[in-house]
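See below for the structure under consideration.
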Amino acid sequence: YAGDNDIFYGKNPSTVFEDFIHFVTNIHSKLPKTKIIYISIKPSPNRWNIWEKMSQTNTLIYKYIMQHSYLYYADTATSMLNDKGFPKSLFFISDSLHLSKEGYRNWDNVLLTVMNEALGLD
(Lines give C-alpha, C1' and ligand atoms only; values in the text may rest on other atoms or scores of the structure.)
Protein backbone atom coordinates (compact mmCIF):
# COMPACT_ATOMS: atom_id res chain seq x y z
CA TYR A 1 0.00 0.00 0.00
CA ALA A 2 1.50 3.30 -1.08
CA GLY A 3 0.46 6.64 -2.49
CA ASP A 4 -2.10 7.91 0.01
CA ASN A 5 0.31 10.03 2.04
CA ASP A 6 2.43 10.80 -1.03
CA ILE A 7 -0.49 12.49 -2.78
CA PHE A 8 -1.59 14.19 0.45
CA TYR A 9 1.87 15.71 0.90
CA GLY A 10 2.01 17.04 -2.65
CA LYS A 11 3.33 14.40 -5.01
CA ASN A 12 1.48 14.17 -8.31
CA PRO A 13 0.10 10.90 -9.74
CA SER A 14 2.96 10.56 -12.26
CA THR A 15 5.61 10.82 -9.54
CA VAL A 16 3.88 8.23 -7.34
CA PHE A 17 3.61 5.97 -10.40
CA GLU A 18 7.33 6.42 -11.13
CA ASP A 19 8.10 5.62 -7.48
CA PHE A 20 6.09 2.40 -7.84
CA ILE A 21 8.01 1.40 -10.98
CA HIS A 22 11.29 2.15 -9.19
CA PHE A 23 10.19 -0.05 -6.26
CA VAL A 24 9.22 -2.92 -8.56
CA THR A 25 12.44 -2.61 -10.58
CA ASN A 26 14.54 -2.57 -7.43
CA ILE A 27 12.87 -5.68 -6.00
CA HIS A 28 13.02 -7.59 -9.27
CA SER A 29 16.68 -6.72 -9.89
CA LYS A 30 17.52 -8.82 -6.82
CA LEU A 31 14.54 -11.19 -6.68
CA PRO A 32 13.20 -11.49 -10.26
CA LYS A 33 10.47 -14.05 -9.51
CA THR A 34 8.95 -12.09 -6.62
CA LYS A 35 5.23 -11.50 -6.93
CA ILE A 36 4.05 -8.09 -5.78
CA ILE A 37 0.51 -7.13 -4.84
CA TYR A 38 -0.33 -3.44 -4.97
CA ILE A 39 -3.23 -2.35 -2.75
CA SER A 40 -5.07 0.55 -4.36
CA ILE A 41 -5.17 3.92 -2.64
CA LYS A 42 -8.31 4.11 -0.53
CA PRO A 43 -11.02 6.74 -0.94
CA SER A 44 -11.27 8.21 2.56
CA PRO A 45 -13.74 10.94 3.55
CA ASN A 46 -10.90 12.88 5.21
CA ARG A 47 -9.00 13.17 1.92
CA TRP A 48 -11.93 13.24 -0.46
CA ASN A 49 -10.74 16.59 -1.88
CA ILE A 50 -7.71 14.82 -3.42
CA TRP A 51 -9.47 11.60 -4.43
CA GLU A 52 -9.28 12.50 -8.13
CA LYS A 53 -5.46 12.50 -7.97
CA MET A 54 -5.47 9.29 -5.95
CA SER A 55 -7.79 7.66 -8.46
CA GLN A 56 -5.54 8.77 -11.33
CA THR A 57 -2.60 7.20 -9.51
CA ASN A 58 -4.51 3.95 -9.06
CA THR A 59 -5.31 3.92 -12.79
CA LEU A 60 -1.69 4.49 -13.84
CA ILE A 61 -0.50 1.69 -11.58
CA TYR A 62 -3.32 -0.65 -12.60
CA LYS A 63 -2.49 -0.24 -16.31
CA TYR A 64 1.18 -0.98 -15.61
CA ILE A 65 0.35 -4.03 -13.52
CA MET A 66 -1.90 -5.47 -16.22
CA GLN A 67 1.16 -5.64 -18.50
CA HIS A 68 3.24 -7.74 -16.06
CA SER A 69 2.45 -11.28 -15.00
CA TYR A 70 4.34 -11.01 -11.69
CA LEU A 71 2.34 -7.98 -10.48
CA TYR A 72 -1.15 -8.01 -8.99
CA TYR A 73 -3.63 -5.23 -8.29
CA ALA A 74 -5.91 -5.38 -5.25
CA ASP A 75 -8.80 -3.03 -5.99
CA THR A 76 -9.91 -2.21 -2.47
CA ALA A 77 -11.18 1.23 -3.51
CA THR A 78 -14.23 0.26 -5.57
CA SER A 79 -15.91 -1.73 -2.80
CA MET A 80 -15.36 1.16 -0.37
CA LEU A 81 -17.64 3.47 -2.37
CA ASN A 82 -21.41 3.64 -2.02
CA ASP A 83 -23.87 3.67 -4.91
CA LYS A 84 -23.39 7.45 -5.26
CA GLY A 85 -19.61 7.10 -5.55
CA PHE A 86 -18.68 8.37 -2.08
CA PRO A 87 -16.74 6.53 0.65
CA LYS A 88 -18.81 4.38 3.00
CA SER A 89 -18.36 5.81 6.50
CA LEU A 90 -18.64 2.41 8.19
CA PHE A 91 -15.19 1.54 6.78
CA PHE A 92 -13.48 4.31 8.76
CA ILE A 93 -12.85 5.21 12.38
CA SER A 94 -13.82 8.66 13.70
CA ASP A 95 -10.91 10.45 11.99
CA SER A 96 -12.45 9.50 8.60
CA LEU A 97 -8.99 8.45 7.40
CA HIS A 98 -7.96 5.21 9.04
CA LEU A 99 -9.79 1.94 8.54
CA SER A 100 -12.26 0.51 11.02
CA LYS A 101 -12.67 -3.22 11.68
CA GLU A 102 -15.27 -3.26 8.91
CA GLY A 103 -12.82 -1.53 6.58
CA TYR A 104 -10.16 -4.14 7.25
CA ARG A 105 -12.70 -6.94 6.77
CA ASN A 106 -13.52 -5.43 3.38
CA TRP A 107 -9.82 -5.34 2.48
CA ASP A 108 -9.42 -8.94 3.70
CA ASN A 109 -12.05 -10.11 1.22
CA VAL A 110 -10.37 -8.34 -1.70
CA LEU A 111 -6.85 -9.38 -0.70
CA LEU A 112 -7.77 -13.03 -0.20
CA THR A 113 -8.98 -13.23 -3.80
CA VAL A 114 -5.85 -11.55 -5.17
CA MET A 115 -3.51 -13.60 -2.98
CA ASN A 116 -5.17 -16.82 -4.14
CA GLU A 117 -4.68 -15.70 -7.74
CA ALA A 118 -1.01 -14.85 -7.12
CA LEU A 119 -0.45 -18.25 -5.51
CA GLY A 120 -2.33 -20.10 -8.24
CA LEU A 121 -5.10 -21.17 -5.85
CA ASP A 122 -8.02 -19.48 -7.63
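With hydrogens and angles ignored, the 3.5 Å screen pairs no side-chain donor or acceptor of Asn116 with any backbone N or O of Leu121. For Thr25 (side chain) and Ile21 (main-chain N/O), a donor-acceptor pair under 3.5 Å exists by modelled atom type.
Pairs of residues two or more places apart, or lying in two chains, never qualify as salt bridge (charged side-chain N to carboxylate O under 4.0 Å, His left out) while including a residue from residues 58-83. Pairs of residues two or more places apart, or lying in two chains, that qualify as salt bridge (charged side-chain N to carboxylate O under 4.0 Å, His left out) and include a residue from residues 25-49 are Asp4-Lys42, Asp4-Arg47.
To the nearest 0.5 Å, the span separating NZ on Lys11 from CG on Asn5 amounts to 11.0 Å. In this structure, OH on Tyr73 lies 11.0 Å from CD1 on Ile39, to the nearest 0.5 angstrom. Between atom CD1 of residue Ile36 and atom OH of residue Tyr70 there is a gap of 8.0 Å, rounded to the nearest 0.5 Å. The distance from the OG1 atom of Thr57 to the CD atom of Glu52 is 10.5 Å, given to the nearest 0.5 Å. Taking CD1 of Ile61 as the reference point, atom CD of Gln56 lies at 12.0 Å (rounded to 0.5 Å).
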Q.
side-chain contact (heavy atoms from CB on, under 4.5 Å), that's the test. Do Phe20 and Ile65 meet it? Break it down for me.
A. CA-CA 10 Å; Phe20 175 73; Ile65 286 173; 4.0 Å; yes
**Q.** Stepwise side-chain contact (heavy atoms from CB on, under 4.5 Å) check, Leu111 with Tyr72
**A.** CA-CA 10 Å; Leu111 285 168; Tyr72 298 84; over 6 Å; no
Q) Could you go step by step and tell me if Met80 and Leu99 meet the side-chain contact (heavy atoms from CB on, under 4.5 Å) rule? A) CA-CA 11 Å; Met80 296 183 78; Leu99 294 176; 3.5 Å; yes
Q: Could you go through the side-chain contact (heavy atoms from CB on, under 4.5 Å) check for Thr76 and Tyr1 one step at a time?
A: CA-CA 10 Å; Thr76 55; Tyr1 185 76; 5.6 Å; no
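In the displayed structure, Tyr62 atom OH is contacted under 6.0 Å by at most 12 heavy atoms of other residues, nucleotides or ligands.
In this view, Tyr104 satisfies the ring-ring contact (aromatic ring centres under 6.0 Å, His included) rule with no residue, not counting sequence neighbours. Qualifying side-chain contact (heavy atoms from CB on, under 4.5 Å) partners for Asn109, counting only residues two or more places apart in sequence or in other chains: none. With sequence neighbours excluded, no residue satisfies ring-ring contact (aromatic ring centres under 6.0 Å, His included) with Phe92. Taking the ring-ring contact (aromatic ring centres under 6.0 Å, His included) definition, one finds that Tyr64 meets it with Phe17, His68, sequence neighbours left out.
One hydrophobic cluster, built from ILVMFWY side chains closer than 4.5 Å, cannot hold both Leu97 and Phe86; they sit in different ones. Both Tyr9 and Trp51 belong to a single network of hydrophobic side chains, linked directly or stepwise wherever heavy atoms of I, L, V, M, F, W or Y lie under 4.5 Å apart. Hydrophobic clustering keeps Val110 apart from Phe91 (ILVMFWY residues linked when any side-chain heavy atoms are closer than 4.5 Å, directly or through intermediates). Using a 4.5 Å cut-off between side-chain heavy atoms of Ile, Leu, Val, Met, Phe, Trp and Tyr, with links allowed through other members, Ile93 and Trp48 fall into different hydrophobic clusters.
For Pro13 against Ile7, the heavy-atom pair with the smallest separation is N-CD1, 3.9 Å. Here the closest heavy-atom approach between residue Ile41 and residue Ala2 is recorded as CG1-O, 3.5 Å. Closest approach of Ser40 to Ala77, counting heavy atoms only: OG-N, 3.2 Å. Summarising the geometry of Pro87 relative to Ser44, their closest heavy-atom pair is CG-C, 4.0 Å, with the distance given to 0.1 Å.
Inter-residue side-chain proximity for Leu71 and Tyr38 is flagged as unmet; no heavy-atom pair is nearer than 4.5 Å. Contact annotation: the side chain of Lys53 never approaches that of Val16 to less than 4.5 Å [non-hydrogen atoms, C-beta and beyond].
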